[in-house]
Protein chains: 2
Amino acid sequence: MSDERHLNALRLLEEKPEMTQRELAAALGVSVGAANYCLKALVEKGWVKLENFQRSKTKARYLYVLTPSGLAGKARLTTAFLKRKLQEHERLSAEIRLLQEEAQRSNL
Amino acid sequence: MSDERHLNALRLLEEKPEMTQRELAAALGVSVGAANYCLKALVEKGWVKLENFQRSKTKARYLYVLTPSGLAGKARLTTAFLKRKLQEHERLSAEIRLLQEEAQRSNL
DNA sequence: ACCCTTGCGTTCAATGGCTGAACGCGTATG
DNA sequence: CATACGCGTTCAGCCATTGAACGCAAGGGT
């Protein structure tokens, strides 16, 4: 389930690898710590590689680059989520109908 | 939002107050401990009242009865969720479109 | 009567994910 | 040079959740 977080991060980073952890956090709607946590997981899986950016050898700033297996993983997650989301979409339609009935029955 | 959990519990209990915590847990798709946790919160809010079944022929110990403020709370949650779910439904449609594009772009 | 199974609610340690606030360290700006 | 800023990192604390126990009561079988 936290795969959704990972997929979203991958999407953002693929499009803009020079993103800051704070930017990423904001885009994901979570705290900086959470973004870092997520990023660390992606790096440990070998899906994202840290490259130094800004010519100093320090780790002041990174590029977060998707590795080949990161791209593959992203593709896999994408199809998996597409499937899930379609189901969820259907479920949601049913639930909305139900809620509307119930709201009406309670005179709202 | 754990309010969704609460709303679902309220719906189930209104329809069937003689429900067991284990039945409730199964219906909610969570563990027994979680159902208990949820139930306790509802009781502390005064939305659900425990009534005992003395010498009933069922094996349940309690009836989980919605109080008047429980009913009001449920109605409030229902409209709030209806609104949220409609938004989510729309968001989901957009996301699905996006995922489909992306899946295609990756030749899946 | 007796045990023994079953079903009930309750409890708790452990886990995982998250927040918010710090921290140290480079770098840009004055 | 100083100092404010932006970066990644870390951590205590919180909260929801799980899974496994627990004690208790009721029934059934022998």
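Keep in mind the model is a prediction, meaning the values are calculated, not measured.
As a whole-Å value, the separation of B:Tyr62 OH from C:dC8 C1' is 9 Å. Rounded to an integer number of Å, the gap from CD of B:Glu18 to P of C:dG7 is 17 Å. One can place CD of A:Gln21 at 12 Å from C1' of D:dG6, the figure rounded to the nearest angstrom. Rounded to whole Å, the distance from CG on B:Leu39 to C1' on C:dC8 is 13 Å. One atom, NZ of A:Lys40, and another, C1' of D:dC11, lie 11 Å apart when rounded to the nearest Å. Atom CG in A:Leu63 sits roughly 14 Å away from atom C1' in D:dG8 (whole-Å rounding). One interatomic measurement links the two molecules: CZ of A:Arg61 to P of D:dC5, which rounds to 18 Å at whole-angstrom precision. Atom-to-atom, CG of B:Asn36 to C1' of C:dC12 comes out at 12 Å; the value is rounded to the nearest Å.
For the 3.5 Å distance criterion, the side chains of A:Gln21 and A:Tyr64 qualify, holding a donor opposite an acceptor.
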Reading nucleotides 15-22 of chain C from the 5' end, what letters show protein touch, with B for base, S for backbone sugar-phosphate only, - for no heavy atom under 4.0 Å?
--SSB---
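For B:Arg91, the side chain to side chain donor-acceptor pair (under 3.5 Å) partners at least two apart in sequence or on another chain are B:Glu95. Every residue two or more places apart in sequence or in another chain was checked for a salt bridge (charged side-chain N to carboxylate O under 4.0 Å, His left out) with A:Lys83, and none qualifies.
Proximity of a side-chain donor or acceptor of A:Ser31 to a complementary backbone N or O of A:Ala25 within less than 3.5 Å is not detected.
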